[in-house]
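A quick write-up on the structure given underneath.
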Number of protein chains: 2
Amino acid sequence: MPSSTRFAVAIHALTVLTLLRDRPSRSEDLARSVQTNPAVIRRILGLLADAGIVKTQLGQGGGALLAKEPEEITLREIYRAVEEPHLFALHRSPPYPKCYVGHNITPVLEEEFSRIEQAAGAALDKTTMADIAAQVETTAGFAFKGDLRFPQPRAAARKPA
Amino acid sequence: MPSSTRFAVAIHALTVLTLLRDRPSRSEDLARSVQTNPAVIRRILGLLADAGIVKTQLGQGGGALLAKEPEEITLREIYRAVEEPHLFALHRSPPYPKCYVGHNITPVLEEEFSRIEQAAGAALDKTTMADIAAQVETTAGFAFKGDLRFPQPRAAARKPA
DNA sequence: CCTTTGTGTGCGTGATACAGTTACACAAAT
DNA sequence: ATTTGTGTAACTGTATCACGCACACAAAGG
């Protein structure tokens with residue numbers, strides 16, 4: 001298991017953005033859905049923005065939006081944007097060069113790991129954010145109607161006090 | 001990148017065992033080739049032994065041996081023996097259940113991650129320790145002749161003092 | 001212009017996983 | 001009985017995270 005949960009959080013946030021389409025999402029609202037701190041969301045959104053996947057609007061009424069169509073955002077792009085590139089680690093310190101194996105194992109491992117990462121990458125390429133959003137709707141059992149049902153949509157729509 | 005280098009170290013050690021065939025390898029010698037501490041090697045060998053990949057002989061002249069043929073040891077088995085099972089992590093704490101996305105995203109992520117791990121697993125299954133050993137010999141440019149050329153093969157074969 | 005809203009970011013904290021290291025009990029061979 | 005080598009426990013240092021606070025800056029709207 002990787003130490004980082006950024007990939008899962010990024011997909012979660014992007015799912016919200018996909019469902020809300022043109023309505024900007026604030027980091028505070030995304031954080032509530034993910035159950036984390038707004039700063040964590042902002043950092044991940046920053047990585048996604050660097051990759052051209054999302055864009056953000058400052059100020060009142062602002063927030064994050066998708067920068068391209070959900071059909072064009074693959075899981076591979078997201079992974080590359082928020083996680084370390086390698087799935088497998090090599091030795092911490094280089095192996096003993098005077099040993100037959102130590103001297104020759106590294107390029108073999110690199111080639112082998114690269115081959116497996118390519119296979120995983122191909123699998124990641126098969127799914128887009130449009131697919132994820134559709135799967136979420138299927139899991140929910142009913143189509144998304146524009147309301148995430150956050151408890152406090154902003155201030156208090158139901159709390160007159 | 002995963003935090004652990006156990007997979008790479010395990011493949012390295014098993015390559016030595018494959019090349020040496022029936023000669024037991026001591027954790028001290030494996031540690032020198034990998035450039036680490038013998039206890040680290042013993043821990044990893046312990047995991048590989050639990051998985052039935054290696055066996056060890058105690059006492060003088062002892063060490064580690066393969067428990068099965070190199071052609072029957074796949075990278076997938078090795079990975080499973082020494083690493084955490086999951087390539088991707090879910091949220092640290094569960095998402096907000098009252099949110100449409102938070103309530104439904106987890107099973108979608110699990111299914112998607114499982115699909116990708118299967119693809120990686122299939123790629124890992126394609127390579128055996130026999131393949132790795134052969135690739136190391138190719139990289140070396142000459143076949144292994146039974147001598148790893150550790151500097152101090154035990155005591156001192158070349159150091160008369 | 002000034003207040004409100006919201007992002008971007010730097011810094012400190014605590015938790016966790018890992019490699020590395022030492023030490024020691026136990027098993028096997030001679 | 002001595003030597004050799006494994007298995008394992010305990011401890012350390014280090015890196016990576018998520019987390020959370022705080023504050024500067026940008027944009028919108030009165």
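Residue numbers start from 1 in every chain, and the chains themselves are labelled A, B, ... in the order their sequence lines are given, proteins ahead of strands. All figures in this text were calculated on a predicted structure; none of them were measured in a lab.
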Could you state the [atom1]-[atom2] distance from [X] to [N], rounded to the nearest angstrom?
{"X": "A:K55", "N": "C:dG8", "atom1": "NZ", "atom2": "P", "answer": "14 Å"}
{"X": "B:D50", "N": "D:dT6", "atom1": "CG", "atom2": "P", "answer": "16 Å"}
{"X": "A:F7", "N": "D:dA18", "atom1": "CZ", "atom2": "P", "answer": "14 Å"}
{"X": "B:N37", "N": "D:dT12", "atom1": "CG", "atom2": "P", "answer": "17 Å"}
{"X": "B:R26", "N": "D:dG7", "atom1": "CZ", "atom2": "C1'", "answer": "16 Å"}
{"X": "B:E83", "N": "C:dC18", "atom1": "CD", "atom2": "P", "answer": "7 Å"}
{"X": "B:H91", "N": "D:dC17", "atom1": "NE2", "atom2": "C1'", "answer": "16 Å"}
{"X": "B:I41", "N": "D:dT8", "atom1": "CD1", "atom2": "P", "answer": "16 Å"}

Measure all distances between protein nitrogen or oxygen atoms and nitrogen or oxygen atoms of nucleotides 26-30 of chain C, and list the pairs falling under 3.5 Å.
| unit_1 | atom_1 | unit_2 | atom_2 | d |
| --- | --- | --- | --- | --- |
| C:dT30 | O4' | B:Q60 | NE2 | 3.4 |

According to side chain to side chain contact (heavy atoms under 4.5 Å, CB included), who are the partners of [X], at least two apart in sequence or on a separate chain?
{"X": "A:A13", "value": "A:L30"}
{"X": "A:E72", "value": "A:K68, A:E69"}
{"X": "B:T56", "value": "B:A64"}

Legend entry - Residue A:R6, side-chain heavy atoms: nucleotide from D:dT8, D:dA18, C:dA19 that is nearest: D:dA18
Inset, instruction - Would you indicate which nucleotide in D:dG7, C:dT7, C:dC11 comes nearest to any side-chain atom of A:R42? - result: C:dT7
Legend entry - Pairs where residues 18-50 of chain B contributes a residue and the test ring-ring contact (aromatic ring centres under 6.0 Å, His included) is met, not counting sequence neighbours: none
Legend entry - Contact nearer the 5' end of DNA chain C, comparing B:R92 with B:R43: B:R92
Legend entry - N/O donor-acceptor pair under 3.5 Å between A:T74 side chain and A:E77 backbone: yes
Look at [X] and [N] and indicate whether a side-chain polar atom (N or O) is within less than 4.0 Å of OP1 or OP2.
{"X": "A:T56", "N": "C:dG8", "result": "yes"}
{"X": "A:S4", "N": "D:dT16", "result": "no"}
{"X": "A:T36", "N": "D:dA18", "result": "no"}
{"X": "A:T5", "N": "D:dA18", "result": "yes"}

Going by atom type alone, with no hydrogens or angles, which donor-acceptor pairs under 3.5 Å involve a side-chain atom of residues 104-112 of chain A and a protein atom two or more places apart or on another chain?
| unit_1 | atom_1 | unit_2 | atom_2 | d |
| --- | --- | --- | --- | --- |
| A:N104 | ND2 | A:Y100 | O | 2.7 |
| A:E112 | OE2 | A:R115 | NE | 3.0 |
| A:E112 | OE2 | A:R115 | NH2 | 2.6 |
| A:E112 | OE2 | B:T127 | OG1 | 2.4 |

Legend entry - B:Q35-A:H91 side chain donor-acceptor pair, cut-off 3.5 Å: no
Inset, instruction - Return the 5'-most residue of the pair A:A39, B:A39 with respect to DNA chain D, ranking by each residue's nearest nucleotide. - result: B:A39
